[in-house]
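Proteins come first, then strands; the chains are lettered A, B, ... in the order of their sequence lines, and each starts at number 1. Owing to the predicted nature of the structure, the values given are computational and were not obtained by experimental measurement.
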Amino acid sequence: MEQSLDFIYGHFSDIEKDDMEYIYRGEITPVIVMDILDFAKSNLAKAEDTKKLKTRIYYIMGEGLQNITRHQADNVDENVDKEAIIVIVKKRHKYIIATGNLMFKAEEDALRTKLEKINHMDSDGLREFSKEIRNNMQLSAKGGASLGLIEMAKRSGNKLDYLIKSVDEQLSYFYLTTEIKISDEEEPENAPEVYSVKQLIENHENFNKNNYIISFKGDFNQENLLSLLAILKSGMSETPTRIKLYSVMVELLQNIVKHADNIDHAEDWKAGVFFIKELEDSFSLLAGNYVRREHSASLKERIDRLNNMSYKDLTKEYNKILLNTEINDSVSTGLGFIDIRRKTGNPIEYSLKKVDDEIDFFIVKTIVNKKN
Amino acid sequence: MESFIKEPTIDTPRVVLDADSGIFEISQMSLPEDAVDFYAPIINWLMEYSENPNKETVFNMKLEYFNTASSKQLIQILLLLGNLKGKTDITVNWYYKEIDEDMQALGEEYSQIINLPFNLISVPKQAN
C-alpha cells in the first residue's frame with residue numbers, strides 16, 4: 001500500500017466532532033482569498049457561534065489572508081518552493097488562522113520589529129497604534145500591511161505567533177498563526193496547543209514534499225463541498241483536465257456526504273478527509289471516511305470488480321444501472337465509482353483500515369492524468 | 001398548459017419548460033444533494049405535457065456538468081421524450097463544450113440508448 005494512503009488516516013484520526021482543518025498550498029490571488037473566505041464562512045455557518053463572533057473570525061481571516069497577498073515575494077528562483085500555505089483550523093473552543101509565505105530577507109527586520117511592538121501592546125495600546133497609523137496614512141506600496149497585523153492582534157485578543165525561517169541568501173518563509181477563542185470554557189489541563197507554528201511548518205514542508213495542494217478534514221456537507229469546488233475552479237483555467245477533476249471530486253465528496261458512517265454513531269456528522277495532490281503529469285484525489293464493517297466487504301468487492309473491467313464493460317454496467325428504474329434512490333445510484341473509472345481510465349486504489357471491532361477507515365485514491 | 005421555470009442555483013440547473021412558446025431547456029450545473037427530489041416536478045410536468053404535446057418539440061440539453069445522481073433522472077426525461085415519438089415531432093439537442101470530451105461521450109451514449117433524432121452540438125470555447 002502506498003505510504004500516502006496511510007498518511008491520510010494518520011492525518012485524520014485525531015479529529016473530534018465539530019473539528020475541522022483546511023489547508024491550501026499554492027499561489028495566493030485575491031480571487032482565491034475570496035473563495036477560501038467563502039469556504040470558511042460555509043463552515044462557520046454550521047458551528048454554533050454567535051453572529052458577532054462569526055463576523056470577528058471572518059474579519060481576522062480576511063486580514064490574515066490579504067496579508068499574504070501584500071507581503072509575498074514573487075519572481076523568485078525556480079528551485080524554491082514559492083507556494084504559500086493557508087491553514088484554517090477549528091479545534092475544541094478555538095479557531096486558528098495560519099499562513100506561511102515567502103518574503104525578502106531585506107524586509108525581515110522591519111517586520112520583526114513591527115510584530116514585537118504589536119505583541120508587547122495591550123488592547124488600549126493597539127487601539128492607539130492603529131489610530132496613529134490611520135492618521136499618518138503614509139502607507140507603503142505594500143499598503144496597510146501593519147494595520148492588518150494590528151487589527152488581527154486587536155480583534156483576536158491574542159499575541160501573533162510567528163517564525164521567520166531562512167530559505168536562502170535572499171528569501172525567508174514568514175509563518176504566522178493567530179488564535180481566536182470562541183468560548184470561555186477552560187481548556188482541559190495539559191491540553192496540547194491547538195495549532196502551533198511548529199505544526200504549520202511541518203504541514204508546509206509535508207505539502208511541499210508530497211505536492212499536496214488542498215486538504216480538508218471535518219464535516220462534509222453539500223455547502224462546503226460546493227465551496228471546495230469553487231476553489232478548484234478559481235485556481236485553474238478551464239481545461240479538459242479541470243473538467244475531469246471537477247467531476248471526480250463531486251463523486252468522491254458526495255460519496256462522503258451520503259455514505260460516511262460515524263465512529264460514535266452521530267448521524268449528523270459526516271466526518272471525512274480529502275486531499276488533492278498535483279504531480280507533473282497528473283492529479284491525485286484522495287478521500288477517506290469511516291464505514292461500518294458490514295459494508296466493507298461489499299465495497300471492496302465492488303471496487304475490485306470495477307478495476308478489472310474494460311471501458312466497454314464499464315459502459316455496459318453503467319447503462320444497466322442507468323436504465324434500471326428499480327434503483328431510484330436519492331442516496332445511492334451505484335454509478336459514482338463507475339463514472340470515475342470511465343472518466344479517468346485509471347484503477348481506483350483503496351485501503352480499508354481497521355479502527356475498532358465495528359468500524360473501518362476507507363481511503364480511496366483516484367488519479368486524473370493531465371492532458372494537453 | 002402552465003409553464004415550469006426554475007432559476008439556476010450553484011448546484012441546480014436552469015429549467016424552462018414552456019409549451020406555449022415552445023421552449024424546453026435544461027442548462028448550467030446539476031449536482032443537487034437530492035437529484036430525485038429536484039427532478040420529480042420536471043418529470044411530472046413532462047408526463048402531463050405528453051398527454052397533449054405541441055406539434056413539434058425541440059428539447060435542449062445544455063448542461064455544463066451533471067453528477068451521476070442527476071444522470072439517472074436525465075435518462076428518465078430522455079425516455080419520456082422517446083415515448084413522445086409519433087405524438088409530436090421531437091428532437092433532442094445535446095450541447096457540450098468543445099473541450100469537454102466526457103460530455104460529448106455521454107451524449108453519444110445516450111443518443112444510442114434513446115431512439116430519437118439526437119443532435120450533438122459542440123460549443124466552441126469562449127474567448128476570454
Side-chain angles (χ1 to χ4, degrees), chain A residues 38 42 220-223 225-227 229-230 233 237-255 257-258 270 311-312 314-316 318-345 368 371-372, chain B residues 8-13 28-40 42-44 47 63-80 82-83 96-115 122-128:
Chain A
D38 277 348
S42 70
F220 278 82
N221 53 61
Q222 178 79 356
E223 201 185 348
L225 174 159
L226 293 170
S227 314
L229 288 166
K233 270 193 165 179
S237 57
E238 188 176 41
T239 60
T241 307
R242 193 190 80 183
I243 291 171
K244 277 191 199 293
L245 263 183
Y246 185 94
S247 72
V248 173
M249 195 166 154
V250 172
E251 297 301 330
L252 286 178
L253 300 190
Q254 285 191 329
N255 258 345
V257 175
K258 290 177 177 171
K270 297 292 187 186
Y311 186 87
K312 212 175 131 196
L314 287 164
T315 302
K316 241 186 244 167
Y318 178 89
N319 288 343
K320 201 173 88 188
I321 297 176
L322 195 67
L323 293 167
N324 183 347
T325 46
E326 277 162 34
I327 311 171
N328 200 21
D329 187 329
S330 60
V331 179
S332 179
T333 60
L335 287 170
F337 283 132
I338 304 177
D339 189 59
I340 291 171
R341 274 280 287 126
R342 290 207 314 160
K343 283 181 180 167
T344 65
V368 177
K371 300 202 162 196
N372 297 318
Chain B
T9 68
I10 184 168
D11 59 355
T12 58
Q28 302 187 27
M29 306 294 280
S30 180
L31 56 148
E33 199 169 1
D34 189 337
V36 176
D37 186 56
F38 179 81
Y39 282 98
I42 297 163
I43 290 169
N44 284 338
M47 275 158 72
L63 286 168
E64 284 169 40
Y65 169 76
F66 58 88
N67 63 354
T68 56
S70 300
S71 67
K72 284 231 43 153
Q73 306 308 311
L74 293 170
I75 205 79
Q76 291 308 312
I77 291 173
L78 291 172
L79 288 168
L80 259 173
N83 290 338
Y96 63 92
K97 285 187 196 161
E98 199 178 9
I99 59 164
D100 192 347
E101 56 177 53
D102 292 325
M103 193 57 91
Q104 182 183 1
L106 285 167
E108 281 163 7
E109 279 175 33
Y110 290 0
S111 74
Q112 281 162 21
I113 296 172
I114 315 294
N115 188 17
S122 161
V123 181
K125 202 179 171 183
Q126 280 171 1
N128 288 317

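Rounding to the nearest 0.5 angstrom, the gap separating the CD1 atom in B/Ile75 from the CG atom in A/Asn324 is 12.5 Å. Separation of atoms CG (B/Asp100) and OH (A/Tyr246) is listed at 12.0 Å; rounding is to 0.5 Å.
Only the side chain of A/Leu229 comes within less than 4.5 Å of a heavy atom of chain B; its backbone N, CA, C and O stay farther away. Of the atoms belonging to A/Ile243, it is side-chain heavy atoms, and not backbone ones, that fall under 4.5 Å from chain B. Contact of B/Leu78 with chain A is not made at all, since no heavy-atom distance falls under 4.5 Å. Using a 4.5 Å cut-off between heavy atoms, A/Thr239 touches chain B through its backbone atoms (N, CA, C, O) alone. For B/Leu74, no part sits under 4.5 Å from any heavy atom of chain A, backbone or side chain.
By the ring pair (Phe, Tyr, Trp, His ring centres under 6.0 Å) test, B/Tyr110 pairs with B/Trp94, sequence neighbours left out. Partners of B/Tyr96 by ring pair (Phe, Tyr, Trp, His ring centres under 6.0 Å), not counting sequence neighbours: none found.
The closest donor-acceptor contact from the side chain of A/Gln222 to the backbone of B/Leu31 lies under 3.5 Å. In this structure, A/Glu251 contributes its side chain and B/Thr68 its backbone to a donor-acceptor pair below 3.5 Å.
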Output, in order, the C-alpha distance, side-chain angles, deciding distance and verdict of side chain to side chain contact (heavy atoms under 4.5 Å, CB included) for A/Glu238 and B/Glu64.
CA-CA 12 Å; A/Glu238 188 176 41; B/Glu64 284 169 40; 5.6 Å; no
Show, in sequence, the C-alpha distance, side-chain angles and deciding distance for A/Lys371 and B/Ile99, and conclude whether the side chain to side chain contact (heavy atoms under 4.5 Å, CB included) test is met.
CA-CA 11 Å; A/Lys371 300 202 162 196; B/Ile99 59 164; over 6 Å; no
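A/Lys258 approaches B/Ala69 most closely through the heavy-atom pair NZ-CB, 4.0 Å. Contact detail for A/Leu335 and B/Lys72: the closest heavy-atom pair is CD1-CG, 3.7 Å.
The side-chain heavy atoms of A/Asp339 and B/Asn67, taken from C-beta on, include no pair separated by under 4.5 Å.
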